[in-house]
Visitor: 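Can you keep this structure in mind? I'll have questions shortly.
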Amino acid sequence: MTTQELATQLQERFDAEQGEPDGLASPGWLSVTVCSDRLLDAIRWLWEDAGYRFLISAGSDLRRERGKYLVTNLFAQDEHGIYLAVHTEVDPEQPSIPSITPIVPAANWTERELRDMIGVVPEGHPDPRRLVLADDWPEDLYPLRWDVEHGIKPPPSDCQVPREPPPEGSSVVPLGPYFPSLEEPAYFRLFVEGEEVVGADYRGFYNHRGIEKMGCSVLTYNQIPFIAERICGICGCVHSTAYCQAVERAAGIEIPERAKYIRTIMLELERMQSHLLWLGIAGHIVGFDTVLMQTWRMREPIMWLSEKLSGNRRVYGGNIIGGVRLDIPTEVHQDVLDMLDKLETEWKALYKSIPGDTSLMARLRGTGVLPHELAVERCVVGPTARGSGVAIDTRLDHPYAAYDRLEFEKCVHDGCDNLSRTLVRLDETLVSIGLIRQALQQMPDGPILTQIDEDIPGGFEGFSGVEAPRGEVVHWVLTGDENRPTRWRPRAPTYANLQVVPPMLKGSQLADAPINIASFDPCFSCTDRMEVVDMRTDDEYD
Amino acid sequence: MAGYESGLKVTQMTLALNLVIALLLGPLMAGVVRKFVRARLHSRQGPPVLQPFYDICKLLGKEDLRSSSSPIVDFAPIVVMAATITAALLTPMGMRSPLAGHGDLIVFVNLVTIAVVGTVMVGLSSASPYSLIGAAREIMMHIMVEPVLVICLIVAAVKAQSLLFWHMAEGATAGGMSISMVIATIAMLMAMQAQIGKQPFDIAEAETEVMGGAFVELSGPRLALFQWASFARQIVYASMLAAIFIPWGIDLAPPWNLGAHLLKLLGVYVLVGIVDVVHPRIRVEQAIKFFVIIIVLSLIGLGLAIGGY
Amino acid sequence: MDPLTTAVVVLLTGALLTAFLSRHRLMAGYVALASVILASISLLRLSLWIFSHGPFETVVPLLRLPVSGLRVHLIVDQLSAVFLFIIVLVAVSTTWFSLRAMELCKARSLIRFYPALLLFFATTLGVVAFQNMLVFLLFWELMTLTSYLLIAFETEKPQAARAGLLYFVAATVATSLMVIATTILYAHNPSHTFEFSQLRDTLGTLTTTKPVLANIVLALFLVGFGTKAGILPFGFWIPVAYPAAPTVTSAAMAGIVTKLGVYGTVRVFLDLLPPSELSLVWGSIIALLGTASIVVGTLTALQQTEAKRLLSFHVIGQIGYMWLGVGIGVAMYHLHPAIAVLGLMGGLFHVVNNASYKSLLFLNAGAVEYRTGTTELDRVGGLMHIMPVTTVSAIIASLSIAGVPPLSGFTSKWLIFERSIMAGLYVPVFIFLGLVAVFISAVTLASFMKFLATLFLGDLHVGEQVAHREVPVSMTIPQTLLAIVCVVFGVAPVPVLWYLYRGAAEILPGMVPSFNSLVGTSPFRVNLTLLGSNSAIGATGAWDPLLVTAVFVGAMLFAYGISRLGGARTRKVPIWLCGEEHSYQEIMYSSHSFLQPFNRYFCRLYPELPVPKMRMPGLLLKLLNPDTWITYPAERLAERLARAQTQAGGRALVVYLLWAVALVVIVGLVLLFAHT
């Protein structure tokens, strides 16, 4: 189905009005507006019949431009490579919309965030508690409204967020916020009976830094890529790439070929070092420090290479609207290829030794089971999904940068357990090595940055999805005047994946809880907010 | 009774020897293994060899943070250290131990149990869920591992027809290699790995799962005593293994028998260290299942020993 | 009047007085205590006399039965003297404890309690004092009757009545079996008496002429004594009766009744049965049953969450140890007297120690119940903050039952293990039994860690009405007394062993090695030797409690010194819960969580064994879970009996009593006519 056919379907069924195409008239992008009374039907059709995958919602305060709030629901159709935005306008006098969570369980967190940040209440939401903001943030102060100043520090209020009590016979074992096996603060409240976890509760968003507010109020278009890169310490480049691509699409800016290849190489370098980092941490969590030390040793050459290329081990600072700031000159190509060869040899040895290690297999096989149906229902992404047999990969489904010219396959395993996800990440690293080699070979000469002479016009939408090491990162941008976006909505893959962690933890062993959580490779900073997920009362999500 | 009533001088010498080995050589060997085995296999330099001593000294001066007012928490580290020292004085380390005629196999096993009990009581006396879970895991591991220790020692006892350690060591030398002793040695090595909490059996103290288990609420001098006691316990087990199950060299004249013993200790430590480095931690119920097999193995050894093999 | 009769008379007088004084509870208590103490003094004098002069014989005029021309001789030998000591110890402690503890049973008048208690003690004296089977069985049945009254004391509680009835029926059936066995022996006894000396000869003849009959006799005695002792599977009444009875009763019965079961076993299998191949067989059976008790009793105790029920299952477990020791003694006498004697001494030592620490544990439970009103492990916690004396004695008792040196429990277990290994050199099965005992020792330790942790350690958490005080002095003194016994017998075992040796040697016929050759010459150190072993020296084991304890204490001082070396300061902080706030209730790790993987694994273990693929697993599971075939059928039986009793309007009890009495009378008449 093409976007045009989709637009016609939505028009006929739900009176959807097609919005402006983005500046590049991308073939895979459609934006429609629906009235709030037809919204539920539209969503139901998309989710149940048309096979669309839910991505995220965004609430925008457009009272100055249009006199209304705008609620945008973003979907993806992976077989046809379509991204769809369904807008609904909300009257500021009655800021509420019907909740889509009863239809699409994966929308649970995002609607609660809507309420927290914009003040639009989702009617009929099964769990309308505070999600993102701190427990003592005052009610009725919605940060993403344009009249709330950036940098405001209200005095703490005394609203209490009630915590779930443990079920009969079990007691609470807190895993976090400060815990040896978590790299970032996150509060997993495990209900434990003996050595079995009978339920869990999750409170997060300790690292909420108000990045979206900054993006809409005090930063310019070209300042945002550097902030975006700092959303996460490990996968920053994907955020800056996704943002730049979204703005480029909105403004109709075509970037040079060479820049596309450079972006691809940076992204793949980042993927490799992220997976190696993850493997080390997973080893450490199961007590296998040898794996930690050796994989981080293998990772060091990538960091040295990154420093050589960009001046930094981690945060490359390479993306900018219109292209990239860093070049990869021909003199450096041989260093890159040497590093890749060495890494490949060591990686292959590691890959061979894992299935033979019985104790490691005993810890990884059969633990942390995420059934295929649950993965599909909750719209998980990345290696988490691919480890449960859900074959989605943004690089192949919705190609961007130079990926449409490179040859590779998706790495999918069916095991649905920790081992499966480990193998997916191992496979992907080998694939990344091949991708960088192809990219270096195919890279044409030429400029790396497009000159932009005019201001970027306001009122256009741009959307971009990038496959981060942890899954699909999506950024949605609504351009504005004054050289800054009106709304910038990043979504990290962990945001989607974390919602599945509580049902997965239930019934597992306490000793496996850290590795189960880690196998999702959660990046709490990326997620940018915390959500309380009730494990015990599963029935809320069914 | 004659023969093992040593003269006073010999007793004093062995007293000093056992104490030095247990208290000073214990941390030193741990440091050596940490630097030359573990760090080498990790492709890194590793901490200095004397680091365990530095840690203990540093901890002795740190603030003692109390989260529980229970007196158990005052007593337990002292009791554990005392039990370990007494067990060390019962263990033959190259030559006859100072308490050789005053305690036997069963006394030794019980002293070792006291050390475990002390750790468990400390874990139980704090209200922290991590320490309670750690203490529960410690008890479960102990229930599964202690029988292996006992059965293997009884194999040696049956072969020597005596429960006194020195007779067991002599009996093993005289008897030469026998199938039952080989089986017992293997089982004993596995039990030792679990008793001193090395991978894959680092379950009770799992840092990434329960933040140190029974020790999470300990700090300062109490933690120093526990750490020191655990180093001493490692040497005691290794000495027991070396003296009774790998008995070559005990009939040499002093100081050669001491040298042989130290060499054997080094070998045991290196072996344990290597196994520790190449394994992750397994779960407690997996360990229970594993030790059922080891118990059966050691029972087979016992059966063979009774049958005369 | 001889000291024994004095004691009995004092106790009977006390019973009468307390019956009159029953309205004034405390007065009655003091009178009971006084009579018990007076009786005890006289009994202790008797015991000491026996140990230095030999058995005490007298003819008791009151009990002369002219009808059958029997003269009843009262003979108290050294073995009985040991049990006299046990009775004295337990009687004094429990009676003292009961002064205030009976306030827990406010509803009932004490008229049925103290008289029954004192009569109970008197009947136990009768059991150990006579070497005449008929009189022995008479007192045995009277003991059952009085202890029934003690168990079913609080008749308004249905479970107490049921428990008492169950116990009574079980014990009476057991006694009837023993009566049948006695009758068989009597019929084959040419001189037609019930004296032990004569029965000894009869049994000896029977083992050679009619071995089948001899085995039947022995089996009947085994079942009979096993029921009272509490051995698996005959001891099914214990987990029903002890929790339902008042704690004082449980303490007294655990301390005395079960031990007398062991006494009876020792009498029959060692005193009456001459050494032969039969003793090897029966000794092994006794040891096997003992080991089975150890395993099942302790493993089931691991899962309990109520203190008295936990202790009851441990009674079954601990009796197993005693029977293991006795079994070794019985089996090895034919083959190797040195091993046998020490095995028997180990068993007897365990009897003595168990009497002290088991009763102490029940008294601890009683103190907890007195102060907090409950014995459920999950409902109270941290009692050490308000009940320090009880806590210390509970810790001593728990460490003693778990066999931690230098307490008394360790020494007796040490002897039993040691001998089982040495016996195993001749009869291999004993090593495995010994190993099982060692394994279960660790389980016992775990069980008592849980007991101590949930009740005494941790933070204080009791109901609001609970006073923050220790229990009254009359309850702390007996606990302290028993705790001191545990410690002293552990640290200085050699004198105790000497007395036990006298008791054991007395009943073992034939040449028994000298005390010094068995345990060495030192008064402080026990050095065991095995004569004729291959080891050059012959020494096989050693335990020097004083020296090792001294070393231990020295090491403790050293450790303390080290810990003070850095001059570290102490500071009180809250526990670390990773940064968020939590309430105490939600993080409290419950007692049934505690060993859950272990429990779960061992309940699933059996189905995982490679059994034939019939529907075995379920059956095996049921078989190996004692609750299904001991306690639940027992409770259902008790239920049915109770219903039968109430339906018959309370006459059923009388009916049973009449049946028992009738049985005895009929047997007596038969014997009478057979004699003439």
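Just so we're on the same page: letters track the sequence lines, and every chain starts at 1. Computation of the quantities below employed the complete heavy-atom set of this structure, encompassing side-chain atoms and omitting hydrogens, waters and symmetry-equivalent molecules.
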Visitor: Near C:Tyr560 OH, under 6.0 Å, is it more than 12 heavy atoms from other residues, nucleotides or ligands?
Guide: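 Counting neighbours around OH of C:Tyr560, 12 or fewer heavy atoms of other residues, nucleotides or ligands fall under 6.0 Å, so no.
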Visitor: Please classify the contact between C:Leu435 and chain B as side chain, backbone, both or neither, with a heavy-atom cut-off of under 4.5 Å.
Guide: side chain
Visitor: Output the option from C:Phe410, C:Phe558, C:Phe417 having the highest count of non-hydrogen pairs under 4.5 Å with chain B.
Guide: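 It is C:Phe410.
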Visitor: Measuring heavy-atom distances to chain C, does B:Leu149 have an atom under 4.5 Å in its side chain, in its backbone, in both, or in neither?
Guide: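 No part of it gets close to chain C.
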Visitor: Please classify the contact between B:Ile72 and chain C as side chain, backbone, both or neither, with a heavy-atom cut-off of under 4.5 Å.
Guide: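 Side chain only.
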Visitor: Decide yes or no for C:Arg571 and B:Asp64: does some side-chain heavy atom of the first lie under 4.5 Å from some side-chain heavy atom of the second?
Guide: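 When only atoms from C-beta onward are counted, B:Asp64 and C:Arg571 do not touch, as no gap falls below 4.5 Å.
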Visitor: Can you tell which part of B:Ala83 gets under 4.5 Å to a heavy atom of chain C, answering side chain, backbone, both or neither?
Guide: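 Answer is both: backbone and side chain atoms of B:Ala83 are under 4.5 Å from chain C.
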Visitor: For a side-chain contact (heavy atoms from CB on, under 4.5 Å) check, start with the C-alpha distance between B:Leu163 and C:Ile421, then their side-chain angles and the critical distance, and finish with the verdict.
Guide: CA-CA 9 Å; B:Leu163 288 166; C:Ile421 294 170; 3.9 Å; yes
Visitor: Measuring only between side-chain heavy atoms, which start at C-beta, is B:Thr86 closer than 4.5 Å to C:Val548?
Guide: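 Contact flag for B:Thr86/C:Val548 side chains = yes.
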Visitor: What distance separates C:Ser563 OG from B:Trp228 CH2, expressed to the nearest 0.5 Å?
Guide: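 Reported value, rounded in 0.5 Å steps: 11.0 Å.
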Visitor: Please answer whether the main-chain N or O of C:Trp576 pairs with a side-chain N or O of B:Glu217 as donor and acceptor at a distance below 3.5 Å.
Guide: yes
Visitor: Could you give the distance from CG (C:Leu425) to CD1 (B:Ile306), rounded to the nearest 0.5 Å?
Guide: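 Taking CG in C:Leu425 and CD1 in B:Ile306, the distance rounds to 8.0 Å.
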Visitor: Quick check on the interface: out of C:Val553, C:Val404, C:Leu547, who has the most heavy-atom pairs with chain B under 4.5 Å?
Guide: C:Leu547
Visitor: Can you tell me which portion of C:Pro428 sits under 4.5 Å from chain B's heavy atoms? Options are side chain, backbone, both or neither.
Guide: both
Visitor: Have a look at C:Phe552 and tell me which of B:Leu111, B:Leu89, B:Ile85 forms a side chain to side chain contact (heavy atoms under 4.5 Å, CB included) with it.
Guide: B:Leu111
Visitor: Are side-chain heavy atoms of B:Ser131 and C:Ile575 found at a separation under 4.5 Å?
Guide: no
Visitor: Name the member of B:Ile151, B:Val216, B:Thr113, B:Val116 that forms the most heavy-atom pairs with chain C at distances under 4.5 Å.
Guide: B:Ile151
Visitor: Might you work through the side-chain contact (heavy atoms from CB on, under 4.5 Å) test for B:Met121 and C:Met449, ending with a clear yes or no?
Guide: CA-CA 8 Å; B:Met121 297 279 266; C:Met449 288 291 106; 3.6 Å; yes
Visitor: Taking side chain as everything from C-beta outward and backbone as N, CA, C, O, which of these in B:Glu63 sits under 4.5 Å from a heavy atom of chain C? Side chain, backbone, both or neither.
Guide: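 Both the backbone and the side chain of B:Glu63 come within 4.5 Å of chain C.
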Visitor: Which atom names give the shortest non-hydrogen contact between C:Gly541 and B:Asp104, and what distance separates them?
Guide: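 Nearest heavy atoms, C:Gly541 then B:Asp104: CA-OD2, 3.2 Å.
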Visitor: Taking all atoms of both residues into account, what is the closest heavy-atom pair of C:Met556 and B:Val79, and its distance?
Guide: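 Closest pair (atom of C:Met556, atom of B:Val79, distance): CE-CG2, 4.2 Å.
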Visitor: If you count heavy-atom pairs under 4.5 Å between each of C:Leu452, C:Ile431, C:Leu445 and chain B, which one has the most?
Guide: C:Ile431
Visitor: Does the side chain of B:Pro221 reach to within under 4.5 Å of the side chain of C:Leu565, using non-hydrogen atoms?
Guide: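 Sidechains of C:Leu565 and B:Pro221: no contact.
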Visitor: side-chain contact (heavy atoms from CB on, under 4.5 Å) for C:Lys572 and B:Ser67? Distances and angles first, verdict last.
Guide: CA-CA 6 Å; C:Lys572 181 108 174 63; B:Ser67 62; 5.5 Å; no
Visitor: Go through the atoms of B:Leu65 and report whether side chain, backbone, both or neither lie under 4.5 Å from a heavy atom of chain C.
Guide: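 Interface part for B:Leu65: both.
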Visitor: What part of B:Leu225 is in contact with chain C, defined as an atom under 4.5 angstrom from a non-hydrogen atom: side chain, backbone, both or neither?
Guide: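 Looking at B:Leu225, just its side chain touches chain C.
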Visitor: So, C:Trp414 versus B:Asn110: side-chain donor-acceptor pair below 3.5 Å or not?
Guide: no
Visitor: Answer whether the closest heavy-atom distance between the side chains of B:Arg66 and C:Val573 falls below 4.5 Å.
Guide: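 No; the side chains remain at least 4.5 Å from each other.
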Visitor: For residues C:Ala542 and B:Val107, report the shortest heavy-atom separation together with the two atoms involved.
Guide: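 So the minimum-distance heavy-atom pair works out to O-CG2, 4.1 Å.
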Visitor: Is it true that atom CZ of C:Phe432 has more than 12 heavy atoms of other residues, nucleotides or ligands lying nearer than 6.0 Å?
Guide: yes
Visitor: Do B:Glu146 and C:Ser441 come within less than 4.5 Å of each other through their side chains, counting heavy atoms only?
Guide: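 Side chain of B:Glu146 against side chain of C:Ser441, heavy atoms only: no contact under 4.5 Å found.
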